[in-house]
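Notes to accompany the following structure.
Below, all heavy atoms of this structure are taken into account, side chains as well, without hydrogens, waters or symmetry copies. For clarity, every value in this text was computed on a predicted model and none was experimentally measured.
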Amino acid sequence: MSVRIAQSAGFCFGVERAVEMVEKTIREGRKAVTLGPIIHNRHVVERFASMGVEQADSVDRIPGDAAVIIRSHGVPKSVMEQLQARGLEIINATCPFVQRIHEIVARAEEKGRRPVIIGTRTHPEVVAIAGWCREPLVFEDDRELEHWLRQDAANANLPILMVSQTTGTQQIWKKCTEIIKKECTNYEIFDTICRATENRQSEAAALAKTCDAMVVVGDAKSSNAARLAAICRQNCQRVFLVDNASELKPSDFSGAVNIGITAGASTPAWIIKEVNKTMDEIINVDNAQEESFEAMLDASIKTLNTGDTVTGIVTSIGSTEVQVDLGTKHAGYIPCDEVSADPTKKPEDVLKVGDEIKVFVVRVNDQEGTVQLSKKKLDGLKVWDELEAVVESKEPVEGVITEINKGGLVSNVKGVRVFIPASASGVPKGGDLNEMKGKTVKMRITEVNRARRRVVGSIRALLSEERKAAQEKIWSEIEVGKKYHGVVKSLTSYGAFVDIGGVDGMVHVSELSWNRIKNPAEVVKVGDEIDVFVIALDPEKKKISLGYKTAETNPWNQFAAKYSVGDVAKVKIVKMMTFGAFAEIVPGVDGLIHISQIANRRIAKPEDVLTVGEEVDAKIIDVDAERKRISLSIRALLEPTIEEQAQAVEEGEEEVPVEEPAGE
């Protein structure tokens, strides 16, 4: 029997942040009151109560001398206004992802859109979101949404904005978005499902598929934990939702070989550890019942214990394990994935036969005479010592980005999981964190908490120093006209900011393109590498104006280099007017085909002959370089009609011969 714990089990970013804010308030010795339970877990609430944190169910029950802590689920706008009106000190522990939804729905309603919220209407988070707009619509699933749209045809034409409860399921959200896109004519959609929730659910589903039984740890009142249990039941027949370890029954796991454990976002780590410890005890009891008297006697005289550090000699390196001679009756072995924390390294890259190594004893099996060992675990203990040391020395460390989440990045530093907040990632706001995955980066370690197995790093801290040095170099040699190869860092409505090697300069929207554009995103996007040149600079204010468009890219210059009056060009009809049609000659340069130059006969309107998007041959008959106007003619390329020839003769022009019909 074996037990596996889901990697994402336990506190999510928002819950952990809220708990830390309460703990900080307690450490500061301040009187604190939470408005409602801080998170959906009675153990956490009871623990805080024992530490003097009171809980109030309404604003008028909060003492005037207390700091009020807003729960992670958030509160309606009206509640926030009541707190402010009373002059209370507010500590807002609302999850940042939930706060973002508050802003989205409030802003949408100001612009005349009707907020549509997908989620459990009685859930505190949904109640809070709905409280930040005047006329929200809340639907629990796609069936309710579809019913509302079809009960009144006018509903499909309403300008709406749709968001989701952060803990909503991706399956329901996907169905709702499909309905909106199919039925509605004026909509905006914001996917506000927390990626951490999505990852937790998908990981639980994958684990449940490989297990004979699943244990979901969470408060009975937590919809997050209940949804996890429901997802597990879709993939595993035996699923147990427990509040804590005391609810585990050995009989529930009879015959189970593989058991999985996951936990809701509001479940503290200590409860998960207790559940895991209890499961280990259940396993040990089960194994003990199967042991023979002889095996039990051998176990009483074993010389190795789990948790020991021992020295051995590598005797062989196989495809699945490394054999180690410990000098005892036990055969020691290291599974290949326990040799190194670096997943890219093979055992033979780290060890060779004859090496003397220190290893950590993971499991002793006296019945079979084997000992499972780990070099990675022992190395990991040393790494923790090193990480604590570099916090003081501020020496940079190197790690590989292994995971992306909404809070930031996760890096592997010598086998230890290091969290890098998005704000410390070095990626500009609005940039794509996913581009960092798999990259090797240097960072500073800013926090090490061995007890909580928490390490925080900052790439930005190092980049800031490097950027400062680069800035000094740039400003010492920059001059108007100098060219740079830069990277687009961010976009605004009026231009693009480009990093030219440690210093950001701005390319105004008018300098991005020769064509008239409304938004810089029509030309560049964040992360693009572009060549720019300095137009102007202000060293005192540290401002640089850059140019991107050049004479070579000027459409008019491209036209002038390729065409002259009298040339024939293949043009594309782009716009119809009463007096003629405009046609694109080269991208960015249009010419006018006057109605009199469209055909060799009189026509009432351009649409009688031409259509938008049609490509035709036209002759360039006039170019006004100063006003940048071009006149085109299709008629000049057509054979003259009989009437035109007769008119030419009457006006004294040379008669144009007309081909006689054959046989006459």
Side-chain angles (χ1 to χ4, degrees), residues 156-157 159 184-186 493 509-524 548-664:
N157 297 319
C184 295
T185 59
N186 187 354
S493 60
V509 67
S510 62
E511 293 295 331
L512 279 170
S513 174
W514 290 99
N515 299 327
R516 186 171 295 175
I517 61 173
K518 295 181 179 179
N519 192 299
E522 297 177 37
V523 181
V524 295
Y548 177 58
K549 66 181 185 182
T550 62
E552 293 79 14
T553 60
N554 187 338
W556 184 263
N557 292 345
Q558 293 176 351
F559 163 78
K562 189 174 182 180
Y563 296 106
S564 301
V565 173
D567 288 349
V568 176
K570 176 75 75 175
V571 300
K572 182 179 180 181
I573 307 302
V574 294
K575 189 175 182 181
M576 297 291 192
M577 306 295 290
T578 56
F579 52 82
F582 284 98
E584 182 184 73
I585 306 169
V586 297
V589 177
D590 295 345
L592 172 66
I593 310 172
H594 192 270
I595 192 169
S596 64
Q597 296 298 320
I598 292 177
N600 55 10
R601 56 186 172 82
R602 187 180 297 276
I603 60 175
K605 54 185 183 300
E607 290 88 339
D608 293 342
V609 177
L610 301 172
T611 57
V612 173
E614 178 183 4
E615 291 188 350
V616 297
D617 289 329
K619 186 175 183 179
I620 300 170
I621 59 176
D622 186 52
V623 176
D624 185 341
E626 185 175 341
R627 301 170 67 190
K628 290 187 171 51
R629 292 185 178 180
I630 304 168
S631 297
L632 303 172
S633 174
I634 298 173
R635 176 182 171 184
L637 302 177
L638 302 175
E639 291 291 337
T641 63
I642 298 296
E643 291 78 4
E644 287 179 313
Q645 294 180 44
Q647 184 179 354
V649 171
E650 290 176 3
E651 294 175 355
E653 297 178 2
E654 182 181 350
E655 184 175 353
V656 181
V658 179
E659 184 179 346
E660 294 290 340
E664 293 187 4

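Nearest approach of Val616 to Glu614, heavy atoms of both residues: CG1-OE2, 3.6 Å. For the residue pair Tyr563 and Ala569, the shortest heavy atom distance occurs at CE2-CB, 3.6 Å. Residues Pro587 and Pro555 approach most closely at O-CB, 3.4 Å, considering heavy atoms. The shortest non-hydrogen separation linking Met576 to Ala581 is SD-CB, 3.9 Å. Here the closest non-hydrogen pair linking Lys619 and Ala636 is CD-CB, 3.9 Å. Closest approach of Asn600 and Arg635 over heavy atoms only: CA-CG, 4.2 Å.
If you take CG on Leu610 and NZ on Lys605, they are separated by 12.0 Å, rounding to the nearest 0.5 Å. Atom OG of residue Ser633 and atom CG of residue Leu592 lie 11.0 Å apart, to the nearest 0.5 angstrom. Note that CD of Glu584 and CG of Asp590 are 6.0 Å apart. Values are rounded to the nearest 0.5 Å.
None of Ile630, Ile621, Val623 except one satisfies the side-chain contact (heavy atoms from CB on, under 4.5 Å) rule with Val565; the exception is Val623.
Annotation: side chain to side chain donor-acceptor pair (under 3.5 Å) contacts of Asp567 (sequence neighbours excluded): none. With sequence neighbours excluded, the residues that form a side-chain contact (heavy atoms from CB on, under 4.5 Å) with Ala583 are Val571, Ile573, Ile593, Leu632. Scored by the side chain to side chain donor-acceptor pair (under 3.5 Å) test, Asp622 finds no partners at all (sequence neighbours excluded). In this structure Ser493 satisfies the side chain to side chain donor-acceptor pair (under 3.5 Å) test with no other residue, sequence neighbours excluded. In terms of the side-chain contact (heavy atoms from CB on, under 4.5 Å) criterion, residue partners of Ile603 (sequence neighbours excluded) are, by chain and number, Ile595, Ile598, Ala599, Arg601, Asp608, Val609.
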Could you go through the side chain to side chain contact (heavy atoms under 4.5 Å, CB included) check for Ile620 and Phe559 one step at a time? CA-CA 11 Å; Ile620 300 170; Phe559 163 78; 3.9 Å; yes

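Listed by first then second residue, pairs satisfying ring-ring contact (aromatic ring centres under 6.0 Å, His included) with a partner in residues 574-610 number zero, not counting sequence neighbours.
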